[in-house]
Amino acid sequence: MEPLYTPAGVELRWQETWEAEGLYAAGAGRRRDDAYVIAVPPPNVTGELHMGHALNGSIQDVLVRWHRMRGYDTLWQPGYDHAGISTQNVVEKQLAAEGLSRQELGREEFVRRTWQWLETTGRTIMGQFRRLGCSLDYSRERFTMDDEYVRAVLTFFVRLWQRGWIYRANRIVNWCPFHQTAISDLEVVHEEMDDTLSYVRYPFADGDGFLTVATVRPATILADVAVAVHPDDERYRDAVGREVVVPYVERHVPVIADPRVEPEFGTGALKITPGHDPTDFEIGRDHGLPEPMVIGLDGTMNVDAGDLAGLSQAEASERVLDWLRQRDQLERREHYRHAVGTCERCHTRIEPLISLQWWCRMDEPAAPAIAALRERRVRYHPESQHRFAISSLEEAPDWCLSRQLWWGHQLPIWYTPDGETICAVSEEAARAQAGEGVELERDPDVLDTWFSSALWPLATLGWPEETPELRRYYPGDVDSTAREIIRLWVNRMIWAGLELLDDVPFTDVIIHSTVLAPDGRRMSKSLGTGIDPMQPIAEHGADATRYGLLKISSTQDVRFSIGAIEEGRKLANKLWNVARLIFQNATLVTPAVSPRALEERWILGRIDAARAEVEDCWGRFDFATATSALYHVTFDDFCDWYAEAIKPRLYDGDKDAAATALAALERLLVLLHPVLPHVTEEIWSQLPNRRTRLIVSPWLEPDDRFAADVTALERVREAAQIFRRSGVRVELGADEQRIFAAVVRPERSAGNGNVDAELERLRKEVERAEAMLANGRFVQNAPAHVVEAEREKLARYRRELEALGGSERS
RNA sequence: GGGCGGUUAGCUCAGUUGGGAGAGCACCAGCUCGACAAGCUGGGGGUCACUGGUUCGAGCCCAGUACCGCCCACCA
């Protein structure tokens with residue numbers, strides 16, 4: 001064994017071995033019948049591992065490994081999301097590089113190309129999860145475009161159709177002119193942009209005066225159908241009910257009153273353009289106004305824009321502004337910075353426009369999910385996210401399901417020549433419904449990517465078939481994911497599970513920390529602040545990276561810190577070396593828990609205490625505290641105290657000490673394995689009586705036999721502290737003296753020799769404690785255990801003072 | 001604009017019913033002995049963002065202020 005632990009080779013070897021031996025698979029190491037199930041949030045098939053994935057993988061792997069060792073039948077199922085827009089975007093870009101468009105290729109060929117691309121280039125993340133040591137059951141990888149999965153998606157759609165929740169409607173949607181599709185509100189990202197606000201005069205139709213309206217998009221004036229003011233706005237009291245003339249098109253439109261107008265903004269008068277603005281659309285519907293559109297699906301002016309047809313919006317805006325200037329109807333223009341909606345994939349400015357789309361109602365479907373959350377049948381962690389999840393469901397707007405894309409699940413909707421709409425799981429089924437010889441045309445749209453994601457926990461287990469997997473592993477236990485997809489994904493899985501199987505898909509949702517760049521900004525490719533997790537894995541090892549990420553995962557937003565990962569590497573190295581010490585001195589000895597000496601009983605008690613603490617933390621999904629506890633039990637207790645204490649006996653060839661040391665090391669390895677799987681398995685493999693791999697070895701059972709000895713050793717630690725600071729030796733029992741001699745080595749170091757400083761410190765402590773206990777209000781009001789603790793402290797300080805030969809007052 | 005979180009040592013962060021301010025890294029000093037110099041031991045270093053309040057006692061509870069961040073959002 002080398003003195004310096006080098007993770008790379010060791011980690012790869014174990015990753016391959018574990019998977020090849022089938023130890024990642026569901027059922028491995030199982031000793032009880034309970035199942036423990038986590039479905040990995042399916043990453044985009046086009047994506048690569050980022051820091052959030054790495055943290056989330058570490059969290060889930062700790063839980064899975066812990067449960068596997070506790071004997072559960074664990075299923076941690078991996079897979080990919082087809083990522084509709086995202087994937088189509090990638091392939092389209094590739095086509096563009098070849099001078100092709102998807103339209104030239106045709107739908108069938110485009111989809112074939114996409115599959116082909118996925119075969120060669122996609123699906124890289126699972127390899128990266130393997131490198132992180134994630135014990136996913138890779139043999140069960142699923143893809144949202146697998147045949148079985150597609151069937152599940154269509155079945156789900158038909159089910160919602162039968163419930164009467166799906167409808168088709170002309171509504172305003174977020175239209176991406178680049179992708180030529182509707183996208184949901186949640187796929188729109190707002191970006192700050194510089195813009196110009198134009199103040200435009202709308203003359204009253206009766207020729208008497210005008211209203212001034214502020215707009216950032218003069219081209220949309222052509223589609224104005226009204227001007228609205230706030231009902232309580234005194235300035236416009238007389239204007240309501242009159243008509244104004246829309247510039248350029250010179251159409252007469254009414255002035256209406258609506259509370260959604262913000263009197264403080266601009267002039268307090270809002271032009272109403274239902275075809276191109278979401279707020280205006282709502283106002284228009286409520287007032288029964290027409291909904292003309294002058295911007296087409298490609299973002300340019302359409303045929304209804306008259307002589308401006310075919311122009312870009314910018315050109316059209318200039319023409320409108322010229323028209324206004326000539327007639328002195330352009331009051332002024334001012335710089336204006338505001339947030340503009342853009343497509344999250346291509347960052348093209350979103351065009352709000354009206355189009356015919358398929359929708360799913362959310363009010364009724366969401367109700368059981370809201371109830372489940374209220375009743376805590378599903379719990380979000382932390383609690384603040386639980387409240388957020390409930391309010392998100394309560395406020396959920398109807399879901400726009402259709403996308404005008406080619407990559408995805410095509411809607412199971414067919415139209416007959418006489419206008420009938422048929423919803424069925426397959427063309428055969430649709431044909432059966434339509435009757436003999438009726439021509440059917442399938443709706444070309446595909447479903448929103450998140451529609452299939454909502455089914456992840458069930459469809460990966462074979463739903464809608466009654467598979468053995470579904471029976472055994474549904475409902476699952478935990479979902480761990482990022483904050484921003486609570487609404488997109490987690491809430492929808494809950495309602496889909498309740499709708500289809502009448503049960504929640506999991507009981508706990510972990511919303512993990514967001515890992516920010518070291519400077520506190522978000523990690524993003526565009527900002528150049530991203531850090532590839534494969535980098536610290538290569539440099540410090542997967543164990544160290546897991547440890548570091550878990551250690552910093554305490555708050556909502558954490559800054560990435562390489563220092564935490566380096567600490568993990570230090571820990572792995574320390575463990576490696578202490579194992580080397582024990583192995584070198586324990587040849588031909590088998591592990592046995594037969595502690596005779598105090599330090600042996602102590603370390604066994606300490607490891608058990610750490611086990612209890614760590615289990616408590618993991619049970620509460622507090623990974624940062626658990627990590628810290630593991631560090632201290634390994635470094636401080638096992639290495640710096642226990643190993644030092646037994647060294648002399650090991651060197652003397654004491655077989656009992658060696659046997660117990662091996663046993664204690666074994667127990668420590670078990671405890672550390674979920675966080676540091678590789679280095680622990682590597683050391684484990686060198687233990688003399690190893691029967692199984694550590695990954696499937698039994699977890700530690702509670703063992704309170706040595707609990708009392710944990711406190712007994714504290715006396716030696718106290719004595720060591722006093723000696724090191726002052727050079728004075730405190731009276732100790734025989735066993736304690738032996739440990740003291742081994743750990744402190746008084747013959748080599750005389751301590752700092754600063755008796756006076758130590759006396760001073762202790763006198764201050766005594767004074768403080770005496771003052772507290774002399775305070776009648778403290779003694780009366782403080783809880784009894786606090787007062788008692790104070791008395792004990794006073795007694796201890798007096799004892800230590802006496803041991804140093806000092807009195808309370810100098 | 002709304003929601004959530006943060007502000008504690010030079011840096012990154014703990015601090016669990018309110019009861020003597022902590023860890024890791026960095027720094028200084030000593031050890032440098034047959035696991036490990038990626039080691040051991042000790043040490044210096046903090047108005048716990050600010051202002052008020054409750055309390056015998058506040059980093060912790062309450063009210064407010066100021067910064068920072070994340071998420072969400074249809075003020076043209």
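Small disclaimer: the values here were computed from a predicted structure and weren't measured.
The aromatic ring centroids of A:F638 and A:Y631 lie 6.0 Å or more from each other. Proximity of the aromatic rings of A:F388 and A:Y380 is defined here by a centroid distance below 6.0 angstrom, and this criterion is not met.
Between A:Q721 and B:U41, a side-chain N or O to OP1/OP2 separation shorter than 4.0 Å is absent. Remark: A:S554 is in phosphate contact with B:A14, judged by side-chain N or O atoms under 4.0 Å from OP1 or OP2. Side-chain nitrogen and oxygen atoms of A:K647 include at least one within less than 4.0 Å of the OP1 or OP2 phosphate oxygen of B:A35. Phosphate proximity of B:A14 to A:T555: present, with a side-chain N or O under 4.0 Å from OP1 or OP2. For A:R521, no side-chain nitrogen or oxygen approaches OP1 or OP2 of B:C68 to under 4.0 Å. Side-chain N/O atoms of A:R522 include none lying less than 4.0 angstrom from OP1 or OP2 on B:G69. Between B:C13 and A:Y631, no contact under 4.0 Å exists linking OP1 or OP2 to a side-chain N or O. For A:Y336, a side-chain nitrogen or oxygen approaches OP1 or OP2 of B:A76 to under 4.0 Å. Listed pair A:K570 / B:G39 meets the phosphate criterion, a side-chain N or O lying under 4.0 Å from OP1 or OP2. For A:H190, no side-chain nitrogen or oxygen approaches OP1 or OP2 of B:C72 to under 4.0 Å. Between B:U12 and A:R559, a contact under 4.0 Å exists linking OP1 or OP2 to a side-chain N or O.
Of the C1' atoms belonging to B:C27 and B:C72, the separation is 44 Å, rounded to the nearest Å. For the P atom pair drawn from B:C68 and B:C28, the interatomic distance equals 35 Å after rounding to whole Å. Between B:C62 and B:G19, the two P atoms lie 15 Å apart (nearest whole Å). Only the C1' atoms considered, B:G59 is 14 Å distant from B:C13, to the nearest whole Å.
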For RNA chain B, the dot-bracket pattern of Watson-Crick and G-U pairs whose distances stay under 3.5 Å, | for other-strand partners: ((((((((.[[[[.)...(..]]]].(((((.......))))).....[[[[[..)....]]]]])))))))....

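For RNA chain B, no neighbouring residue in residues 612-623 of chain A is found when judged by any heavy atom under 4.0 Å. Heavy-atom distances under 4.0 Å link RNA chain B to A:V216 of residues 216-232 of chain A, given in residue order.
If you check every strand for non-hydrogen atoms under 4.0 Å, A:T215 touches sugar and phosphate atoms only. Here A:F635 lies in heavy-atom contact (under 4.0 Å) with sugar-phosphate atoms only. If you check every strand for non-hydrogen atoms under 4.0 Å, A:D277 touches nothing. Note on A:R796: a base of the nucleic acid sits closer than 4.0 angstrom, heavy atoms only. Within 4.0 Å of A:G520, counting heavy atoms only, lie sugar-phosphate atoms of the nucleic acid but no base atom. Within 4.0 Å (heavy atoms only), A:K271 reaches no atom of the nucleic acid at all. Residue A:H386 is classed as having no contact, given no heavy-atom separation below 4.0 Å to the nucleic acid.
Annotation: side chain of A:L773 is in contact with side chain of A:R791 (closest heavy-atom distance under 4.5 Å). Taking the side chain as every heavy atom from C-beta outward, A:V766 and A:E770 approach each other to under 4.5 Å.
Looking at A:D224 and A:Y202, their side chains do bring a donor and an acceptor atom within 3.5 Å of each other. With hydrogens and angles left out, the side-chain atoms of A:R349 and A:T342 include no donor and acceptor closer than 3.5 Å. No hydrogens or angles considered: nothing links the side chains of A:K551 and A:S561 as a donor-acceptor pair under 3.5 Å. Side chain to side chain, A:D195 and A:H338 meet the donor-acceptor criterion of an N or O pair below 3.5 Å.
When distances are taken from the side chain of A:Y651 to each of B:G43, B:A35, B:G5, the shortest belongs to B:A35.
An aromatic stacking contact between A:F388 and the base of B:G3 is absent, as defined here by ring centres under 5.5 Å apart and ring planes under 30° from parallel.
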